[in-house]
*Asks:* 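Here it is: the structure, laid out below.
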Amino acid sequence: MKKVFKVFGILSGILAGLFAVYYFNLDMKLMRSVVLPFLDRHHDSVRREHLI
């Protein structure tokens with residue numbers, strides 16, 4: 001019975017963590033602060049073949 005409560009507690013903690021990520025929009029905040037600057041630097045350094 002202790003194992004059932006332990007598994008239930010772990011799953012509840014995971015669910016609470018996922019809800020916090022969804023509620024506070026943490027995934028998009030991470031994208032905006034970490035991933036987009038990296039992609040902007042990459043795309044700015046790429047040589048253009050066709051200038052508009």
Side-chain angles (χ1 to χ4, degrees):
M1 197 66 172
K2 255 187 170 176
K3 283 188 177 185
V4 172
F5 286 132
K6 190 179 283 191
V7 169
F8 181 73
I10 291 171
L11 291 177
S12 296
I14 290 172
L15 183 64
L18 289 174
F19 178 75
V21 167
Y22 170 76
Y23 186 78
F24 294 112
N25 203 16
L26 297 177
D27 54 340
M28 285 296 114
K29 289 179 182 178
L30 177 71
M31 285 285 289
R32 186 179 66 223
S33 65
V34 175
V35 177
L36 284 180
F38 173 75
L39 290 177
D40 287 342
R41 274 188 309 221
H42 170 71
H43 288 294
D44 288 343
S45 67
V46 171
R47 187 167 174 261
R48 304 289 182 248
E49 292 183 19
H50 301 287
L51 294 176
I52 297 176

*Asks:* Would you kindly confirm whether L15 and Y22 end up in one hydrophobic cluster when ILVMFWY residues are joined by side chain heavy atoms under 4.5 Å apart?
*Replies:*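 Each belongs to a different hydrophobic cluster.
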*Asks:* Under 4.5 Å between side-chain heavy atoms, counting indirect links through other Ile/Leu/Val/Met/Phe/Trp/Tyr residues: same cluster for V7 and V4 or not?
*Replies:*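 No, no single cluster joins them.
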*Asks:* If you round to the nearest 0.5 Å, how far is CZ of R47 from CD of E49?
*Replies:*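 Here the interatomic distance stands at 8.0 Å.
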*Asks:* Hey, what else clusters with F24 if you join Ile, Leu, Val, Met, Phe, Trp, Tyr whenever side-chain heavy atoms sit under 4.5 Å?
*Replies:*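 Once heavy-atom contacts under 4.5 Å are chained together, F24 belongs with F19, V21, Y23, L26.
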*Asks:* R48 and H43: which non-hydrogen atoms are nearest, and at how many Å?
*Replies:*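 Taking every non-hydrogen atom into account, NH2-O, 2.9 Å.
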